[in-house]
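Notes follow the structure.
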Amino acid sequence: MIIVLKPKTTKAQINHIVKKIAGFKLRAQVSKGKERTIIAVIGDERVLSTVPVEAFPGVEKVMTVLKPYKLASKDFRKETSVINLGLGVKIGGNNIAMIAGPCSVESREQLLATAKAVKAAGANVLRGGAFKPRTSPYAFQGMAEEGLKILAEAREMYKMPVVTEVLDTRHVELVNKYADCFQIGARNMQNFELLKEVGKMNKPVLLKRGLMSTVKEWLMSAEYILANGNMNVILCERGIRTFETETRNTLDLSAIPLVKTLSHLPVVSDPSHGTGKKPLIYPMALASVAAGADGVLIEVHPKPETALSDGDQSLLPVEYKKLVDDARKVAKAIGRTL
Ligand code: PEP
Ligand code: MN
């Protein structure tokens with residue numbers, strides 16, 4: 001249930017409604033929009049069936065959200081949510097975020113060199129995995145806490161917020177200590193216990209779309225994070241598995257504008273994992289901006305041939321610079337900044 005408040009509802013009236021709802025053992029999530037404040041009621045709202053909620057002071061109307069995702073839905077908030085990553089970076093506004101870095105943190109030297117290069121090329125968020133979800137147990141699994149420390153050092157040096165994957169509920173506190181944004185990887189999109197744990201934090205979460213997930217399932221996963229109290233969710237389209245084998249995944253570009261009709265959450269695109277093919281990354285990055293993405297995530301490595309993961313799809317800094325320069329032109333053409 002969504003309670004839409006009258007334009008001039010007072011703080012005291014809002015608190016009164018929240019208290020009333022809590023009295024029925026339901027949670028009230030207040031969202032202050034530009035024009036309206038609305039309250040989402042979370043829990044088994046059947047207990048309110050005989051309660052005249054519309055008569056509470058300050059209430060304009062009560063709406064039932066038919067979609068299975070409620071807090072993630074556009075009914076809950078009309079404008080795109082703006083998620084603050086810190087260090088002046090916000091995702092979801094007019095500006096398009098450029099997230100870049102290696103697939104894995106491999107050494108201090110490699111990460112600092114990449115951070116310096118992507119910053120110079122125009123990136124404003126640094127990425128890099130310290131916990132890696134690998135198909136083979138014999139493949140490089142990441143540098144764990146040592147990698148997180150290197151990421152934090154790069155953040156201080158280059159003043160870029162850091163996004164890094166959290167693979168397991170046991171690592172949420174640890175990753176929280178070093179990162180500015182949690183990444184939930186495609187393979188963990190439906191790890192509901194992990195979603196609940198990051199939902200209890202108040203740090204932004206970049207939620208990748210699962211390899212075989214529908215848009216509805218993806219939004220339901222976002223709902224897990226939101227329903228646990230963390231409203232700072234950024235969606236990331238990273239390609240899905242289809243019958244096509246010429247690419248690593250099929251980047252579902254249409255999901256970007258689609259999600260924008262269904263949800264207020266910002267959505268970024270990851271053409272690196274979305275295609276897995278170097279020559280396709282530049283055109284798909286530009287197409288993502290044209291399709292309305294709020295950010296673009298690209299894997300960059302100073303020596304892709306030596307990368308311990310995803311070297312085949314990693315761009316050189318110089319290639320990344322061209323991508324940023326040209327994506328900026330596309331952004332300008334559609335009235336956005338980058
Ligand atoms: C990554 O970002 O390096 C990664 C493993 O992504 P995904 O979960 O989309 O495969
Ligand atoms: Mn990768």
Side-chain angles (χ1 to χ4, degrees), residues 1-86 88-95 172 176 180-182 192 195-207 219-235 259-267 294:
M1 174 189 289
I2 284 183
I3 304 169
V4 182
L5 303 181
K6 289 179 184 155
K8 289 203 171 92
T9 310
T10 63
K11 239 186 180 162
Q13 286 173 325
I14 297 174
N15 289 342
H16 172 74
I17 298 167
V18 169
K19 247 193 180 155
K20 278 261 193 197
I21 290 166
F24 289 96
K25 300 220 169 349
L26 298 168
R27 199 163 71 76
Q29 179 76 45
V30 180
S31 165
K32 289 192 166 72
K34 262 198 200 113
E35 288 160 25
R36 287 290 152 104
T37 295
I38 58 179
I39 301 175
V41 179
I42 302 154
D44 187 355
E45 58 194 53
R46 281 175 300 183
V47 293
L48 292 178
S49 59
T50 56
V51 180
V53 180
E54 297 231 12
F56 291 176
V59 174
E60 182 169 289
K61 63 178 173 183
V62 174
M63 288 161 37
T64 308
V65 181
L66 297 174
K67 298 242 166 47
Y69 43 88
K70 316 235 177 257
L71 296 170
S73 92
K74 197 110 187 151
D75 297 333
F76 179 57
R77 190 177 290 162
K78 292 276 170 281
E79 318 98 52
T80 302
S81 287
V82 178
I83 313 297
N84 192 351
L85 263 62
V89 178
K90 292 187 171 136
I91 300 189
N94 193 52
N95 199 52
V172 171
N176 188 45
D180 300 289
C181 178
F182 293 106
F192 301 116
L195 298 175
K196 285 185 212 166
E197 284 307 307
V198 294
K200 290 179 201 149
M201 316 302 284
N202 53 22
K203 197 162 270 184
V205 180
L206 182 89
L207 177 65
L219 291 172
M220 289 308 292
S221 289
E223 190 77 12
Y224 262 92
I225 302 169
L226 304 172
N228 277 277
N230 188 348
M231 296 303 289
N232 303 307
V233 177
I234 302 153
L235 299 166
V259 156
K260 290 192 162 276
T261 68
L262 302 172
S263 177
H264 57 88
L265 298 173
V267 55
D294 296 299

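Ile21 has its side chain within reach of Ile3: a pair of non-hydrogen atoms, C-beta onward, lies under 4.5 Å apart. Looking at heavy atoms from C-beta onward, Ser81 lies out of side-chain contact with Met231 at the 4.5 angstrom threshold. Val53 is not listed as a side-chain neighbour of Val41, based on a closest heavy-atom distance of 4.5 Å or more. Contact annotation: the side chain of Phe76 approaches that of Ser31 to within less than 4.5 Å [non-hydrogen atoms, C-beta and beyond].
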Candidate pair Thr37 and Thr9, rule side chain to side chain contact (heavy atoms under 4.5 Å, CB included), full reasoning = CA-CA 8 Å; Thr37 295; Thr9 310; over 6 Å; no

Step-by-step side chain to side chain contact (heavy atoms under 4.5 Å, CB included) determination, Val198 to Asn228 | CA-CA 8 Å; Val198 294; Asn228 277 277; over 6 Å; no

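Contact record, Asn176 with Lys203: O-NZ, 2.5 Å, taken as the closest heavy-atom pair. For the residue pair Asp294 and Pro266, the shortest heavy atom distance occurs at OD2-CA, 3.3 Å. Across all their heavy atoms, Val65 and Ser73 have their closest contact at CG1-OG, 4.0 Å. Contact between Gly92 and Thr80 at its shortest, heavy atoms only, is O-CG2, 3.5 Å. Here the closest heavy-atom approach between residue Ala72 and residue Leu265 is recorded as CB-CD1, 4.2 Å. In terms of heavy-atom proximity, Val172 sits nearest to Phe182 at O-CE2, 3.6 Å.
The backbone N or O of Ile42 lies less than 3.5 Å from no partner atom in the side chain of Lys70, so there is not a single donor-acceptor pair. Between the side chain of His264 and the backbone N or O of Leu71, at least one donor-acceptor pair lies under 3.5 Å. Asn232 contributes a side-chain N or O that, together with a main-chain N or O of Asn202, makes up a donor-acceptor pair within less than 3.5 Å. Without hydrogens or angle criteria, Lys74 side chain to Lys260 main chain gives a donor-acceptor distance under 3.5 Å.
Side-chain polar atoms of Lys90 and Asn95 form no donor-acceptor pair below 3.5 angstrom.
Between the CG atom in Asp75 and the NZ atom in Lys67 there is a gap of 6.0 Å [rounded to 0.5 Å]. Atom CD1 of Ile225 is separated from atom CD1 of Ile234 by 10.5 Å, given to the nearest 0.5 angstrom. Note that the CD1 atom of Ile83 and the CG atom of Asn230 stand 8.5 Å from one another [nearest 0.5 Å]. One finds the CG atom of Leu195 at 10.5 Å from the CG atom of Leu226 (value rounded to the nearest 0.5 Å). The CD atom of Glu197 sits 8.0 Å away from atom CE of Met201, with the distance rounded to the nearest 0.5 Å. Annotation: the span from Asp44 atom CG to Leu26 atom CG amounts to 7.5 Å, rounded to 0.5 Å.
Environment of NZ in Lys61: sparse, with no more than 12 heavy atoms of neighbouring residues, nucleotides or ligands closer than 6.0 Å.
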